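Because the structure is a prediction, the values reported are computed rather than measured. Note on naming: letters A, B, ... go to the chains in the order of the sequence lines (proteins, then strands), and numbering restarts at 1 for each one.
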Protein chains: 2
Amino acid sequence: MHIKARTRTSPDTAGPARHSAAGTPKRAAHSGCAGCLARPLAVCASIPATETQALEAVAGEVLLPAGATLAHEGDARREVYTVTRGMLRRVRLLPDGRRLVAGFLMVGDFIGFSGAPHYRHTLEAVTDCVLCVFPMQSMRSLCQRYPDLESGLLAQACSELDATRGSLMLLARLGPSERLAGFLVELAERQRRRGAPAGQVDLPMTRADIADHLGLTIETVSRSFTKLRQSGAVAFTDPHRIDLVDVPALRASAGL
Amino acid sequence: MHIKARTRTSPDTAGPARHSAAGTPKRAAHSGCAGCLARPLAVCASIPATETQALEAVAGEVLLPAGATLAHEGDARREVYTVTRGMLRRVRLLPDGRRLVAGFLMVGDFIGFSGAPHYRHTLEAVTDCVLCVFPMQSMRSLCQRYPDLESGLLAQACSELDATRGSLMLLARLGPSERLAGFLVELAERQRRRGAPAGQVDLPMTRADIADHLGLTIETVSRSFTKLRQSGAVAFTDPHRIDLVDVPALRASAGL
DNA sequence: CGTCCGTTTGATCTGTGTCAATCGCTGTGG
DNA sequence: CCACAGCGATTGACACAGATCAAACGGACG
């Protein structure tokens with residue numbers, strides 16, 4: 001096997017101050033569903049606007065500065081979340097330091113689709129984030145009271161399954177540039193659904209995050225970017241702002 | 001990129017007789033939930049035993065000989081299924097013939113967790129199979145009538161998400177032998193939950209299926225098997241019947 | 001007995017990981 | 001204001017794990 005740990009976050013010397021450098025999460029009172037940007041995108045939409053006080057009654061808010069950790073792999077799961085602002089990454093670390101970014105979470109995404117009693121991934125803020133928190137128990141009773149909420153959760157779980165299965169194809173059978181193309185197209189699509197202009201992608205995460213998401217190295221990701229640029233499929237000056245010039249070509253090369 | 005098509009099923013010359021060689025599915029009347037081996041494992045368990053007639057009323061049965069296709073990628077999704085006997089594979093093909101086996105479905109597994117209106121994978125029988133069929137519409141009304149059914153579906157969707165995310169780590173960051181180890185322990189675990197003796201795995205699928213599931217070639221899968229055998233982690237004479245000699249070692253090498 | 005197919009094993013080739021150097025931007029201190 | 005340190009991104013040279021090519025083996029079936 002290749003792929004050994006390098007620039008990796010060192011194999012977690014499980015000391016006291018686990019929230020490494022960056023800031024720490026801050027709790028706050030819930031600021032109300034009325035003006036929430038995520039509501040139309042999130043499962044909360046399954047609860048009628050006239051009944052949002054049922055949500056607000058049990059919800060809290062979490063402010064998460066970029067780089068901070070929301071939850072650690074292995075921690076007991078007691079709460080579920082909806083992302084209200086910003087982007088997070090779902091990270092898993094192997095003992096030898098190899099890192100996987102299992103996915104990126106964006107506004108409206110629900111965190112809590114798991115049967116496991118403990119987190120299976122560490123959740124880290126890529127940018128400054130705001131999240132809605134619900135105790136799992138409250139979420140369960142809300143589901144009983146509003147069956148539509150449970151349907152909504154099921155629907156969102158299904159679409160997350162679809163997306164995750166899509167990643168399987170990327171990782172198992174596509175080459176580096178194809179993976180990157182697929183990643184960019186999918187991210188652009190998610191951002192477009194959130195109101196961003198089509199044909200552009202924001203990449204707040206680092207190349208290392210992308211590499212660990214696509215099963216590549218930083219260098220290969222970088223080379224793949226230049227390759228896509230040279231082929232005219234994408235364009236960019238800022239490495240975190242990509243223009244998708246030839247979406248059909250990108251889609252085709254990712255097998256879509 | 002490497003990984004080009006070779007032994008692959010030829011890029012689907014979308015002719016009329018798409019159900020290639022093997023047999024074709026046969027429909028039958030539902031044979032009753034009472035003696036169903038899958039019931040305790042499947043979501044059907046969410047409906048009380050006294051009410052199974054509600055299921056039987058809308059369910060049908062499908063008999064699927066090994067090699068036959070249940071549904072094709074791209075077909076409209078009109079039904080959902082529960083596997084009652086046998087094993088299926090979930091396959092996706094790229095235009096150039098590269099193949100992905102996104103997963104294997106076993107007794108009790110539910111087929112129908114997707115938000116898409118069309119199948120995103122072809123479903124093929126690895127062994128002779130029997131499935132319970134439900135029109136999607138009937139499933140929806142059953143969910144309304146039995147909220148526990150929807151909870152059960154959500155729970156199963158979550159555990160499928162957990163499993164799929166586990167595959168991400170295998171594919172993105174583990175070497176061939178590690179992937180194989182992870183695959184074997186996970187399969188053993190699923191079979192154990194279904195009553196099989198621990199420490200053994202049945203592999204009805206071919207090496208090609210395993211390779212396309214793990215993002216490898218047949219040859220590398222074979223070599224990884226011999227490596228695991230030489231290291232004493234597994235033992236076998238029949239290539240389709242593996243003894244897991246050192247489960248802790250297997251789990252460790254897969255990062256579990 | 002011979003063909004077929006899946007599996008295993010061996011030899012070679014190549015893409016991508018590894019090692020290393022440079023570039024560019026940001027923030028800090030003199 | 002400029003010099004410098006630090007970090008992320010990019011580019012280049014090289015090595016090796018795993019893909020490719022090739023052949024042999026073994027069981028199933030006619």
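- Residues A:Arg92 and B:Arg173 form no side-chain contact, since every pair of their non-hydrogen atoms from C-beta on lies 4.5 Å or further apart.
- Among pairs with a residue in residues 233-256 of chain A, those fulfilling ring pair (Phe, Tyr, Trp, His ring centres under 6.0 Å) read A:Phe225-A:Phe236, at least two apart in sequence or across chains.
- Proximity note for B:Pro176 (side chain, C-beta onward) versus D:dG18, D:dA19, C:dT16: the nearest is D:dG18.
- A tilted orientation is assigned to the rings of A:Phe183 and A:Phe104, their planes being inclined by 30° to 60°.
- Taking atom CZ on A:Arg173 and atom C1' on D:dA19, their separation rounds to 10 Å, with Å as the unit.
- Here C:dT26 presents its C1' atom at 14 Å from CG of A:Asp238, a figure rounded to the nearest Å.
- Spacing between atom CG of A:Leu180 and atom P of D:dA9 amounts to 13 Å, rounded to whole angstrom units.
- A salt bridge links A:Arg27 to A:Glu79: one of the charged nitrogens lies within less than 4.0 Å of a carboxylate oxygen.
- The closest side-chain heavy-atom distance from B:Leu184 to B:Leu187 is not below 4.5 Å.
- The distance from atom CG of A:Leu216 to atom C1' of D:dT10 is 16 Å, rounded to the nearest whole Å.
- For the pair B:Arg98 CZ and D:dT20 P, the interatomic distance rounds to 10 Å; values are reported in whole Å.
- Put simply, CG on B:Asp212 is 11 Å from P on D:dA19, counting in whole angstrom units.
- Within the 4.0 Å cut-off from OP1 or OP2 of C:dT16, not a single side-chain nitrogen or oxygen of A:Thr217 is found.
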Please set out all donor-acceptor pairs under 3.5 angstrom arising from side-chain atoms of residues 244-256 of chain B, sequence neighbours excluded.
{"residue": "B:Asp246", "atom": "OD1", "partner": "B:Ala249", "partner atom": "N", "Å": "3.2"}
{"residue": "B:Ser253", "atom": "OG", "partner": "B:Leu250", "partner atom": "O", "Å": "3.2"}

Do any N or O atoms of the protein come closer than 3.5 Å to N or O atoms of nucleotides 7-12 of chain C, and which pairs are they?
{"residue": "C:dT7", "atom": "OP1", "partner": "B:Arg207", "partner atom": "N", "Å": "3.3"}
{"residue": "C:dT7", "atom": "OP1", "partner": "B:His240", "partner atom": "NE2", "Å": "3.3"}
{"residue": "C:dT7", "atom": "OP2", "partner": "B:Arg207", "partner atom": "N", "Å": "2.8"}
{"residue": "C:dT8", "atom": "OP1", "partner": "B:Arg207", "partner atom": "NH2", "Å": "3.2"}
{"residue": "C:dT8", "atom": "OP2", "partner": "B:Arg207", "partner atom": "NE", "Å": "2.8"}
{"residue": "C:dT8", "atom": "OP2", "partner": "B:Ser222", "partner atom": "OG", "Å": "3.0"}
{"residue": "C:dT8", "atom": "O5'", "partner": "B:Ser222", "partner atom": "OG", "Å": "3.1"}
{"residue": "C:dG10", "atom": "N7", "partner": "B:Arg223", "partner atom": "NH1", "Å": "2.9"}
{"residue": "C:dG10", "atom": "O6", "partner": "B:Arg223", "partner atom": "NH2", "Å": "3.1"}
{"residue": "C:dA11", "atom": "N6", "partner": "B:Arg223", "partner atom": "NH2", "Å": "3.4"}

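- Put simply, CG on B:Leu174 is 16 Å from P on D:dA17, counting in whole angstrom units.
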